[in-house]
Student: 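First, the structure itself, so that you have it in front of you.
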Amino acid sequence: MTLCFLSEPVRLVGGASRCAGTLEVKQGLWRSVEASGWTLMDAAVACRELDCGSAVLTGSRNASWDGPTWKIKPACVKSGSTLRECATSSQSPTVLELICSGKGVAVSQRSLTLKESSKVQPIVSLFTDLLVQPIISASFSSNDGDSQVQQQESSWVLKGSSFTISCSIQPQYPGGSFQLTFTSSNTTSNYTQPAVNHSAHFLFPAAEPAHQGTYSCVYRVFVFSRNFSSESRQLSLTVSDPTVFVIRLLLLLLSLLLFISAVCFSHKVTGRQEPRPPEDQELDG
């Protein structure tokens, strides 16, 4: 459980990070906030007071106990007052849950309501930019131990050399996992690793023609009782056989040698066929 304490009497508890969880306000005592009537504009005030960027998702859950809650009127919040100044004592079976984007991350809004059978599920406000796009890169190790990192859309590696596909993402939420998806002309493979320091590294000890294709990273994280994901751009990898390069080089050198030999031979033949200039004849006395 994550518990967020700041100088402001506002906190989010029970979430995956300090910017996610059940909203609580302190006015003498800490209490959860009643979920009824909240909009994303209202929730943005809480995220700002927590220094957590923008509001990206709101929802409600049943309170675990029947104690008092705080009711916060939207009109009071819109007037510029703080959440504590707008809190009045109430009692509600549902409390507000909130996810903020994190410090310095702005989002755009898209809202929808989910329904199941006859029960209306909590209204969930989804944001298209909840997660930033992961970064995918490839690094290659040469025979002398040197490594080279490439982030271009297309890369190449010599057959038999080791290479690593790395996935990373800007820190927003702790945990999560990366799924590396490989697609070729005849197969699709998935590899999964947990995110460690917001990154994962997939090592391939020896490049083979079967590794040639496109790769992409998908970051998945479970926050606020829901799964979110974001996919990177695609990276195209070409596996080159060094034997082919050697054969082509030898053929090129052989062709060049034959060309030089032909030119020299042609020059010699031409020189032999040229007529000699007539010798000077002695003048009769």
Student: What is the minimum heavy-atom distance between Arg233 and Ile136, and which atoms define it?
Tutor: NH2-O, 3.3 Å
Student: What's the shortest heavy-atom distance between Pro134 and Cys217, and which atoms?
Tutor: CG-O, 4.3 Å
Student: For Asn190, does the CG atom have more than 12 heavy-atom neighbours from other residues, nucleotides or ligands under 6.0 Å away?
Tutor: yes
Student: Shortest non-hydrogen contact from Pro174 to Val221?
Tutor: O-CG2, 4.0 Å
Student: I need the Phe222 CZ to Ser229 OG distance, nearest 0.5 Å.
Tutor: 13.5 Å
Student: Quick check for you: to the nearest 0.5 Å, what is the distance between Leu83 atom CG and Ile72 atom CD1?
Tutor: 4.5 Å
Student: Any chance you could measure Leu180, atom CG, to Ser216, atom OG, to the nearest 0.5 Å?
Tutor: 7.0 Å
Student: Find out whether Leu253 and Leu257 are in side-chain contact, i.e. whether some heavy atom of one side chain is under 4.5 Å from a heavy atom of the other.
Tutor: no
Student: For residues Phe202 and Val157: do they belong to one hydrophobic cluster (side chain heavy atoms under 4.5 Å, members Ile, Leu, Val, Met, Phe, Trp, Tyr)?
Tutor: yes
Student: Which pair of heavy atoms, one from Gly59 and one from Leu96, lies closest together, and at what distance?
Tutor: O-CD1, 3.5 Å
Student: Could you tell me whether the side chains of Glu24 and Thr22 share a donor-acceptor contact shorter than 3.5 Å?
Tutor: no
Student: Hey, does Trp38 have a side-chain heavy atom less than 4.5 Å from the side chain of Val33?
Tutor: yes
Student: Is any side-chain heavy atom of Leu57 closer than 4.5 Å to a side-chain heavy atom of Phe228?
Tutor: yes
Student: Side chains of Ser199 and Asn197: donor-acceptor distance under 3.5 Å anywhere?
Tutor: no
Student: If you define the side chain from C-beta out and look only at heavy atoms, does anything of Phe178 sit under 4.5 Å from Ile165?
Tutor: no
Student: Check whether any side-chain heavy atom of Ser166 sits under 4.5 Å from a side-chain heavy atom of Ser137, and report yes or no.
Tutor: yes
Student: So Tyr191 and Phe204, would you call those rings parallel, tilted or perpendicular, with 30° and 60° as cut-offs?
Tutor: perpendicular
Student: Which heavy atom of Leu12 sits nearest a heavy atom of Gly21, and at what distance?
Tutor: CD2-O, 3.6 Å
Student: Pick one: which of Trp156, Phe163, Phe182 meets ring-ring contact (aromatic ring centres under 6.0 Å, His included) with His211?
Tutor: Phe163
Student: Could you check if a side-chain atom of Glu208 sits within less than 4.5 angstrom of a side-chain atom of Lys159, using non-hydrogen atoms only?
Tutor: yes
Student: Indicate yes or no: at least one non-hydrogen side-chain atom of Ser154 is less than 4.5 angstrom from one of Thr238.
Tutor: no
Student: Within the side chain of Gln212, is there an N or O that forms a donor-acceptor pair under 3.5 Å with the backbone of Val239?
Tutor: yes
Student: Is there a side-chain contact between Cys86 and Ser81, using heavy atoms and a 4.5 Å cut-off?
Tutor: yes
Student: Would Val10 end up clustered with Val77 when hydrophobic side chains under 4.5 Å apart are linked, directly or stepwise?
Tutor: yes
Student: For side chain to side chain contact (heavy atoms under 4.5 Å, CB included), just list the numbers for Trp70 and Leu23, CA-CA rounded to whole Å, side-chain angles, deciding distance to a tenth of an Å, and then say yes or no.
Tutor: CA-CA 10 Å; Trp70 293 121; Leu23 180 63; over 6 Å; no
Student: How long is the straight-line distance from NZ of Lys71 back to SG of Cys76, given to the nearest 0.5 Å?
Tutor: 12.0 Å
Student: Ignoring hydrogens, what is the shortest heavy-atom contact between Thr69 and Ser92? Give both atom names and the distance.
Tutor: OG1-N, 3.4 Å
Student: Checking side-chain polar atoms at under 3.5 Å, does Arg31 have a donor or acceptor matched by the opposite partner on Ser89?
Tutor: yes
Student: Would you kindly confirm whether Leu50 and Val45 end up in one hydrophobic cluster when ILVMFWY residues are joined by side chain heavy atoms under 4.5 Å apart?
Tutor: yes
Student: Between Cys19 and Cys52, does the SG-SG distance stay under 2.5 Å?
Tutor: yes
